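These notes concern the structure reproduced below.
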2 protein chains.
Amino acid sequence: MNIGQASEQTGVSAKMIRYYESIGLLPSAARRANGYRDYSDQDVAVLQFVRRTRDLGFSLEEVATLLALWSDKKRPSRQVKRLAETHIADLERRMREMRAVMKTLRQLAQHCHGDERSDCPILDDLAKPRAASAKKARRHQVRS
Amino acid sequence: MNIGQASEQTGVSAKMIRYYESIGLLPSAARRANGYRDYSDQDVAVLQFVRRTRDLGFSLEEVATLLALWSDKKRPSRQVKRLAETHIADLERRMREMRAVMKTLRQLAQHCHGDERSDCPILDDLAKPRAASAKKARRHQVRS
DNA sequence: CCTGCACCTTCCCACAATGGGAAGGTCAAC
DNA sequence: GTTGACCTTCCCATTGTGGGAAGGTGCAGG
């Protein structure tokens, strides 16, 4: 199967499939005589696994770990569960932060007339130094 | 005031202050005879504005817009409110997505023994093709 | 006066994960 | 044969941030 078919069947773009291979997340694909990559149903299954874990917001590094655990038939399920729970905790933390930010934003928006008048409590408030407590983090974003 | 002091007073790193200036988000800072950037209390206020809007998850592009609205004393407050509400809607969308993902993850984790046994419903499930419906988006992340 | 240290300057590199696109080879259908 | 849909590799851009090098400055203590 060509990369295009594999991409279509998994929803992972051809570009990304090549990229995943280049960074070692996936093993080097088999090649046809013409140099085209050749994918088996097995390979497609792996790509689907990657796709799904990515959709669940795991970083490529975490995906790599999950792939390793997946292929290691003897690893204790505890390891997998721990990874999932760490990820859940991370999502929870970020959601708490977002909730706090939204609360602030809603309050700001509420007090703004939002009409032709130029006075705007939103901007007035943004200019005040007392911070919104949210800081650093980034990384890991749920693909929407 | 040197860039270090300005950074300390605003919580914006010196690196970022220079970067914001380089991309035109901030006007070129005044310079001392020795070439050092020189910041006034006014400048510090602007940096605090930027810091706060960043903390609320606005992109640098949105920050630029807010800065422009801020300095335009005659703009209708409607414009500002619209921007804030768009941002709120965006956050709401992302939170919905995250909630869906967390629900899936919690279900997966729940069914996993998480002990010495090697069978793991999490991995089994990830290997199944039916997607988690979450896709694309990225950009905009609340700084935690 | 010299030395050291803390600060400033600019410049380049890296990151995560993805898309865009150029330049060129291949294959199948017509 | 030519056309068009593939495939290949390479390089570049994105967003926002940090790291670090190489060099200038300014002040304090000896």
Side-chain angles (χ1 to χ4, degrees), chain A residues 1-26 28-39 43 47 50-65 87 90 94 134-144, chain B residues 1-26 28-39 43 47 50-65 87 90 94 134-144:
Chain A
M1 185 187 323
N2 278 349
I3 199 171
Q5 268 80 56
S7 167
E8 215 173 330
Q9 286 192 27
T10 60
V12 181
S13 75
K15 213 88 184 185
M16 280 304 101
I17 297 178
R18 294 194 196 97
Y19 174 66
Y20 292 160
E21 182 182 332
S22 81
I23 61 169
L25 178 69
L26 303 176
S28 299
R31 297 288 185 141
R32 286 239 168 74
N34 56 15
Y36 286 17
R37 285 174 182 78
D38 191 13
Y39 294 90
D43 297 331
L47 282 170
V50 172
R51 169 69 200 282
R52 189 142 153 73
T53 48
R54 286 292 297 140
D55 279 352
L56 289 177
F58 288 93
S59 70
L60 289 187
E61 208 182 338
E62 290 167 321
V63 173
T65 305
H87 188 55
D90 200 49
R94 280 153 53 199
K135 258 135 264 182
K136 287 175 195 183
R138 213 147 348 272
R139 298 175 230 314
H140 311 308
Q141 163 93 29
V142 173
R143 314 201 294 170
S144 58
Chain B
M1 183 186 326
N2 279 349
I3 198 169
Q5 268 80 57
S7 166
E8 216 173 330
Q9 286 192 30
T10 59
V12 181
S13 74
K15 213 94 183 178
M16 279 303 102
I17 298 178
R18 295 193 196 99
Y19 174 66
Y20 293 160
E21 181 183 334
S22 82
I23 61 168
L25 179 70
L26 303 176
S28 299
R31 297 289 184 140
R32 286 238 169 75
N34 56 15
Y36 287 16
R37 285 176 182 76
D38 191 12
Y39 294 91
D43 297 332
L47 281 171
V50 171
R51 169 71 201 282
R52 190 141 152 76
T53 48
R54 287 292 297 142
D55 279 351
L56 289 177
F58 289 92
S59 69
L60 289 187
E61 207 182 340
E62 289 167 324
V63 173
T65 305
H87 188 55
D90 200 47
R94 279 154 51 202
K135 257 138 265 182
K136 284 176 196 184
R138 215 144 349 269
R139 303 177 226 312
H140 311 308
Q141 161 96 32
V142 173
R143 313 201 296 173
S144 58

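Model, not experiment: these values are computed from the prediction. Protein chains get the first letters and strands the later ones, always in sequence-line order, with residue 1 at the start of each.
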Nucleotide [N], atom [atom2] - distance to [atom1] of [X] in whole Å:
| X | N | atom1 | atom2 | answer |
| --- | --- | --- | --- | --- |
| B/Ile3 | C/dT9 | CD1 | C1' | 10 Å |
| B/Ile23 | D/dT14 | CD1 | C1' | 13 Å |
| A/Asp38 | C/dT26 | CG | P | 17 Å |
| A/Met1 | D/dC7 | CE | C1' | 16 Å |
| B/Phe58 | D/dG16 | CZ | P | 13 Å |
| A/Asn2 | C/dT26 | CG | P | 14 Å |
| A/Glu8 | D/dC7 | CD | C1' | 15 Å |
| A/Ile17 | D/dT8 | CD1 | P | 10 Å |

Can you figure out which of D/dT8, C/dG19, C/dA17 approaches the side chain of A/Ser13 most closely? C/dG19
Taking the side chain of A/Leu60 as heavy atoms from C-beta outward, which of D/dG18, D/dG16, C/dA17 is closest to it? C/dA17
Donor-acceptor pair, [X] side chain versus [Y] backbone, under 3.5 Å?
| X | Y | value |
| --- | --- | --- |
| A/His87 | A/Glu62 | no |
| B/Asn34 | B/Tyr36 | yes |
| A/Asp38 | A/Met1 | yes |

Any heavy-atom pair between the side chains of B/Thr10 and B/Tyr39 that's under 4.5 Å? no
CD1 on B/Ile3 to CD1 on B/Ile17, rounded to 0.5 Å: 4.5 Å
Can you check whether any acceptor in the base of D/dG20 is under 3.5 Å from a donor in the side chain of B/Lys15, or vice versa? yes
When you measure from the side-chain N and O atoms of B/Tyr20 to the phosphate of D/dG16, is any distance below 4.0 Å, counting only OP1 and OP2? no
Below 4.0 Å: OP1/OP2 of C/dA16 and any side-chain N or O of A/Tyr19: no
Looking at A/Gln5, I'd like to know if its CD atom is crowded, meaning that more than 12 non-hydrogen atoms belonging to other residues, nucleotides or ligands lie closer than 6.0 Å. yes
Positions of residues 30-37 of chain B (non-hydrogen atom under 4.0 Å from DNA chain C), listed by number: B/Arg31, B/Gly35, B/Tyr36, B/Arg37
Can you sort out the partners of A/Glu61 under side-chain contact (heavy atoms from CB on, under 4.5 Å), two or more places apart, ordered by chain and number? A/Ser59
